[in-house]
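Single-structure report; data block below.
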Amino acid sequence: METDFEENSWVINYSPDNYSNQKFSLDGDLLLSKGDRSVTWVNTYGLDYMDEFRQLVNRNDLDDFLLRLLLNQKKGNKVIELENQLFVAAQIVKTEYQNMESEQMYFVVSKDFVWCIQEKRGDHFDWIRQRIFENKGVIRKKHADYLLFFILETLITNYKEKYEETVLMENALDAIVKREPTPEFMFEVEQKKATIHDFKKASHGLRDIIVKLERVEVKGFQTKYFSELREQVNGLIADIDSDIQELESQINLFFSVQGHRLNEVMKTLTIFSVIFIPLTFLAGIYGMNFKYMPELQWPYGYFILLAVMLVITIISILIFKRKKWF
């Protein structure tokens, strides 16, 4: 009967001449190093298989310290050199779905095998399998260090594609013309900033791993491949930093324009207020209910008051125009 570990594990063995791809079997696939020119790639989904992990470690005479490393399931980003093996822990962002989730990944690497353990199910590396199956490029002629290089390059490429798809910088003028500083808009801006910073944190984690991989000294493990990866992840981080600056600039511009709009509205209201204050003053005087007000007895008093109001309005407008207030 197939165990949960076997149900969630696959093994690929390849050499320059052939390959095999099948579900992992505890009876026949525990030995990772075949003793020939082939490379074994085991991929496991799930971290809760300590009994099976122990069988793999013991059967392949791996460093016992691996069990302690695998037991601690929140290691972040680490590169640890063991005896003839390399342990890599990576906290990555999953890129298959719309929502941004993180997962812990572990890699146990020797000269002729890569054991990849993923916290959550997800197919990051399908294109690598296709290259192996179709014998494209030189991957089947290389050792396990080249496979690890391809795996990390895939993570960087996925980050770039997902980042370009998710974090598209809006045109500043369009945002200024069409949007208002509503709570919903502010929430959207904060979400975008949080997404950008998630990508930046994940990219920095990968860069730290790659920098450490360039310095390791493990038998049969070449570090020359990882200089290119460092350039790729540095380019991604530079793009992210540029977008952060652009987003901050757009936000500042947006609120500057909104402030200017508010000032224009306040200026218009102030002009109308200044024009109507003297008119309201005059209307207030002649609206009082005193019995003896001489102007009330004038035959043309009403028309004279309207004329005075009109003159005051015209003079106020001429003053505003001369001062270029509108």
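What's counted below: heavy atoms across the whole structure, side chains too, no hydrogens, waters or symmetry copies.
- For Y163 and D239, the side-chain atoms include no donor-acceptor pair closer than 3.5 Å.
- In the hydrophobic clustering of ILVMFWY residues, with side-chain heavy atoms under 4.5 Å counting as a link, I285 and L305 come out together.
- F133 CZ: more than 12 foreign heavy atoms inside a 6.0 Å radius.
- Of all the heavy atoms in P16 and N135, the pair that sits closest is O-ND2, 4.1 Å.
- Under a 4.0 Å N-O distance rule, the pair D241/K200 qualifies as a salt bridge.
- Test W41, W127, Y225 against F150 for ring pair (Phe, Tyr, Trp, His ring centres under 6.0 Å) and you get one pass: W127.
- Shown here for H143 and K111, the closest heavy-atom pair between the two residues is CB-O, 3.5 Å.
- The CD1 atom of I277 sits 10.0 Å away from atom OG of S316, with the distance rounded to the nearest 0.5 Å.
- Considering CG of L229 and CG of L206, their distance stands at 9.0 Å, rounded to 0.5 Å.
- A donor-acceptor pair under 3.5 Å is formed between the side chain of R140 and the backbone N or O of I132.
- Side chain of Q232 to backbone of E153: no donor-acceptor contact under 3.5 angstrom is found.
- Among all heavy-atom pairs drawn from V93 and A202, the shortest one is CG2-CB, 3.5 Å.
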Apply side-chain contact (heavy atoms from CB on, under 4.5 Å) to residues W10 and Q22 and explain how you reach the verdict. CA-CA 6 Å; W10 280 260; Q22 62 193 29; over 6 Å; no
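- Of the possible donor and acceptor atoms, one in the side chain of E6 sits under 3.5 Å from a partner among the backbone N and O of T3.
- Residues meeting the salt bridge (charged side-chain N to carboxylate O under 4.0 Å, His left out) test with K193, sequence neighbours left out: E190, E248.
- In this structure, F5 and F53 have perpendicular ring planes: the angle between them is above 60°, well past the 30° mark.
- Among residues two or more places apart in sequence or in another chain, the salt bridge (charged side-chain N to carboxylate O under 4.0 Å, His left out) test is passed with R207 by none.
- Cluster membership check: V233 shares its hydrophobic cluster with I151, using side-chain heavy-atom separations under 4.5 Å among Ile, Leu, Val, Met, Phe, Trp and Tyr.
- A salt bridge links K267 to E264: one of the charged nitrogens lies within less than 4.0 Å of a carboxylate oxygen.
- T280 contributes a side-chain N or O that, together with a main-chain N or O of F276, makes up a donor-acceptor pair within less than 3.5 Å.
- Side-chain contact check for N13 and T40: at least one donor-acceptor pair (N or O, by modelled atom type) lies under 3.5 Å.
- Linking ILVMFWY residues whenever their side-chain heavy atoms come closer than 4.5 Å, directly or via other members, leaves L310 and V274 in distinct clusters.
- Heavy-atom minimum distance, F199 versus Y159: CE2-O, 3.8 Å.
- Side-chain N or O atoms of Y146 include none that pairs as donor or acceptor with a backbone N or O of K141 at under 3.5 Å.
- If you chain together hydrophobic residues whose side chains sit under 4.5 Å apart, I312 and F320 fall into the same group.
- For the atom pair NE2 (H204) and CD1 (I237), the distance works out to 4.5 Å, reported to the nearest 0.5 Å.
- Ring to ring, F87 and F107 are not that close: their centroids are 6.0 angstrom or more apart.
- A search for salt bridge (charged side-chain N to carboxylate O under 4.0 Å, His left out) contacts involving D4 returns nothing, not counting sequence neighbours.
- To the nearest 0.5 Å, the span separating CH2 on W298 from CE on M293 amounts to 10.5 Å.
- Through chains of ILVMFWY side-chain contacts below 4.5 Å, V311 is grouped with I315, I319.
- Transitive grouping of hydrophobic side chains (ILVMFWY, heavy atoms separated by less than 4.5 Å) brings L69 and Y106 into a common cluster.
- Y49 and N8 share a donor-acceptor pair across their side chains, judged by distance under 3.5 Å alone.
- A donor atom on one side chain and an acceptor atom on the other are not found under 3.5 Å apart for D63 and Q85.
- At most 12 non-hydrogen atoms from other residues, nucleotides or ligands lie less than 6.0 angstrom from NZ of K201.
- Note that the NZ atom of K136 and the CD1 atom of I139 stand 12.0 Å from one another [nearest 0.5 Å].
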Show the numbers, then the answer: is there a side-chain contact (heavy atoms from CB on, under 4.5 Å) between V108 and V88? CA-CA 7 Å; V108 181; V88 180; over 6 Å; no
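- In this view, S9 and T44 satisfy the side-chain hydrogen bond (donor to acceptor under 3.5 Å, both in side chains) rule, not counting sequence neighbours.
- In this structure, Q130 places its CD atom where more than 12 heavy-atom neighbours from other residues, nucleotides or ligands lie under 6.0 Å away.
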Going through the distances and angles, do E81 and L86 end up as a side-chain contact (heavy atoms from CB on, under 4.5 Å)? CA-CA 5 Å; E81 294 183 47; L86 196 63; 3.8 Å; yes
Got a list of side-chain donor-acceptor pairs under 3.5 Å for residues 209-217, not counting sequence neighbours?
| unit_1 | atom_1 | unit_2 | atom_2 | d |
| --- | --- | --- | --- | --- |
| E214 | OE1 | R230 | NE | 2.7 |
| E214 | OE2 | S227 | OG | 3.0 |
| E214 | OE2 | R230 | NE | 3.3 |
| E214 | OE2 | R230 | NH2 | 3.3 |

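- Within the 3.5 Å criterion, the main-chain N or O of F113 finds no donor-acceptor partner in the side chain of S110.
- Side-chain contact of D36 with S38: a donor-acceptor pair under 3.5 Å is present, judged by distance alone.
- N60 contributes a side-chain N or O that, together with a main-chain N or O of L30, makes up a donor-acceptor pair within less than 3.5 Å.
- Side chain of D29 to main chain of F24: no donor-acceptor pair is present (N/O by atom type, distance under 3.5 Å, no hydrogens or angles).
- Across every non-hydrogen atom of A144 and V114, the tightest pair is O-CG2, 3.6 Å.
- The local environment of CE in M266 is sparse, with at most 12 non-hydrogen atoms from other residues, nucleotides or ligands closer than 6.0 Å.
- In the displayed structure, K120 atom NZ is contacted under 6.0 Å by more than 12 heavy atoms of other residues, nucleotides or ligands.
- Taken from CG in L152 to CE in M105, the straight-line distance is 9.0 Å, to the nearest 0.5 Å.
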